[in-house]
Amino acid sequence: MYFSKKKSGTFSSTVLLVCLFLLVCACETKLPEKQVLQGNAFGTTFAIQYFTDIPLHLEKGVDSVIDAVNRSVSTYQKDSDISRINNGDSTVVVDAIFSHVYDISEQVYTQSSGYFDPTIGVLRNAYGFGDEQPIEHIDQKVLDSLMRFVGFQKVRLLEDGTIRKADPAIYFDFNAVAKGYGIDLIGKYLEDQGIENYLIELGGELLARGKNLARDQRWVAGVEAVDSEVWQRSTEAMVALDNRAMAASGNYRKFRIDSATGRKYVHTINPLTGEAQQSDVTSATVIAPNCTLADAYATAFMAMGLERSKLLLTKLKEVDAYLTYADSLSPSNIFMTHGFEMSLLLPEIPD
């Protein structure tokens, strides 16, 4: 009888010690907390939300990524590799950033049948959307002369890392893809620091990985309404991003009115005709595995128009889109892929 009592007491004490040990361990284990890093990059602002259970100082690392992208592919930085190449320096040996952006651009150029083309720099500058003064009057004769310097098939990245151009005046412009690539590089930097759950927003483009641990759910993003004002932006749909990226393109703000002729030039340029005219697609929001592709295809769909975009989307298994377009019946229509529709968050119905 005495032995049985002693055994029971020992068991109870052991259980108590184990519980106390687990409680102490639980107190010492710090749960990941949400941190926010904000700044400026690529002519716009960014905000990075991420979760970590240890103190991290990411500012210098993120700045280094941004500086590296600018030194490689920024046309606004006069001593960048792309600026030197645009100015006729054929001795420039491009770095990995330029090479990757070039390769992805070639991929989307091919897939889009030339509607995405980073050699439209002379046209962007001529219309007043680049880093040079616009041409005052663009007629068909001027346009024909400019089109001699447009066409991705007229350039080549050689094995020694240099660029060969059919004409020295060909002007690279990676603005429709470089920002997305920069976001992807920032994401890689975060992951190298051990961060698995984050959301990067830069100039309206997004890269989501993991979850929003504060809400124990996927990261959520909004599709901007075409008619929203710049000072009071509104959304017309909400989507959940499951380890995906999202980018959008639209002409509802990006246009220029020629003061002499009153003609409206939109930001999207058709590389096949050289025209800066609106297609029937008024905005394109794209979800893709990475922000580089989302950025590039959003631009491509704007130039391609609705029917060509729909056809291409049937071939792009990992790319989904939400397109607004105008037709003879209505200036405001919506087409979305099945994958995009599956990502939509339905509004909650109040009780």
Side-chain angles (χ1 to χ4, degrees), residues 44-47 49 115-116 176 179-180 183 199-209 211-212 215 217-255 264 266-268 277-291 293-314 316 318-351:
T44 184
T45 60
F46 70 81
Q49 302 177 56
Y115 279 93
F116 178 84
K179 183 168 67 173
I183 293 171
L199 177 69
I200 303 171
E201 185 277 323
L202 196 158
E205 299 183 14
L206 300 160
L207 176 63
R209 292 291 184 261
K211 297 197 304 183
N212 182 344
R215 298 187 176 183
Q217 66 181 27
R218 292 174 294 172
W219 294 101
V220 175
V223 178
E224 186 175 351
V226 175
D227 58 354
S228 68
E229 302 292 349
V230 67
W231 58 87
Q232 191 176 4
R233 299 189 177 188
S234 59
T235 58
E236 59 185 30
M238 302 297 292
V239 296
L241 297 177
D242 190 3
N243 291 312
R244 305 267 273 167
M246 189 171 84
S249 183
N251 287 322
Y252 43 96
R253 294 198 186 95
K254 298 178 180 179
F255 60 87
K264 180 180 179 179
V266 298
H267 187 264
T268 300
Q277 292 181 338
Q278 179 75 56
S279 73
D280 56 351
V281 174
T282 53
S283 72
T285 302
V286 175
I287 296 177
N290 56 67
C291 211
L293 289 176
D295 198 1
Y297 279 115
T299 299
F301 295 147
M302 289 296 300
M304 294 177 71
L306 180 65
E307 294 306 320
R308 292 187 185 91
S309 297
K310 289 167 64 175
L311 179 60
L312 177 56
L313 282 163
T314 64
L316 302 174
E318 293 189 301
V319 176
D320 290 295
Y322 180 103
L323 310 177
T324 61
Y325 66 96
D327 60 20
S328 58
L329 299 178
S330 172
S332 181
N333 302 288
I334 295 171
F335 165 82
M336 73 180 83
T337 60
H338 176 70
F340 201 104
E341 186 176 4
M342 295 299 293
S343 298
L344 286 176
L345 296 176
L346 298 177
E348 294 184 1
I349 301 175
D351 296 332

Phe46 versus Ile183: any side-chain heavy-atom pair under 4.5 Å? no

How close do Met238 and Gly222 get, counting heavy atoms only, and between which atoms? SD-CA, 3.6 Å

Is a side-chain donor or acceptor of Ser309 paired with a backbone partner of Met304 at a separation under 3.5 angstrom? no

Note: Cys291 and Ala245 closest approach over all heavy atoms is N-CB, 3.3 Å

Got a donor-acceptor contact below 3.5 angstrom from the Thr324 side chain to the Ser283 backbone? yes

For Gly203 against Thr44, the heavy-atom pair lying closest together: CA-OG1, 3.5 Å

When rounded to the nearest 0.5 angstrom, what distance separates CD in Glu201 from CG in Leu207? 11.5 Å

Using side chain to side chain contact (heavy atoms under 4.5 Å, CB included) as the criterion, list what pairs up with Ala298, not counting sequence neighbours. Ser249, Val286

Shortest non-hydrogen contact from Asp280 to Leu306? OD1-N, 3.0 Å

Of the non-hydrogen atoms in Phe116 and Ala300, which two are nearest, and what is the gap between them? CB-CB, 3.9 Å

What distance separates Leu199 CG from Arg209 CZ, expressed to the nearest 0.5 Å? 10.5 Å

Pair Ser279-Thr268, side chain to side chain contact (heavy atoms under 4.5 Å, CB included): steps then yes or no: CA-CA 9 Å; Ser279 73; Thr268 300; over 6 Å; no

For residues 329-336, run the donor-acceptor check on the side chains, cut-off 3.5 Å, and write out each pair with its distance to 0.1 Å, sequence neighbours left out.
from	atom 1	to	atom 2	distance (Å)
Ser330	OG	Ser332	N	3.1
Ser330	OG	Ser332	O	3.3
Asn333	ND2	Tyr325	O	3.3
Asn333	ND2	Asp327	OD1	3.3
Asn333	ND2	Asp327	OD2	3.4
Asn333	ND2	Ser330	O	3.0

Close side-chain approach of Arg244 to Asp320, heavy-atom, < 4.5 Å: yes

Closest contact, heavy atoms only, Pro289 versus Glu318: CD-O, 3.2 Å

How would you list all residue pairs meeting side chain to side chain donor-acceptor pair (under 3.5 Å) that involve residues 293-305, not counting sequence neighbours? none

Atom pair CG (Leu293) and CD1 (Ile287), whose distance is rounded to the nearest 0.5 Å: 13.5 Å

Quick one, Thr285 with Phe340, criterion side chain to side chain contact (heavy atoms under 4.5 Å, CB included). Give me CA distance, side-chain angles, the key distance, then yes/no. CA-CA 10 Å; Thr285 302; Phe340 201 104; 4.2 Å; yes

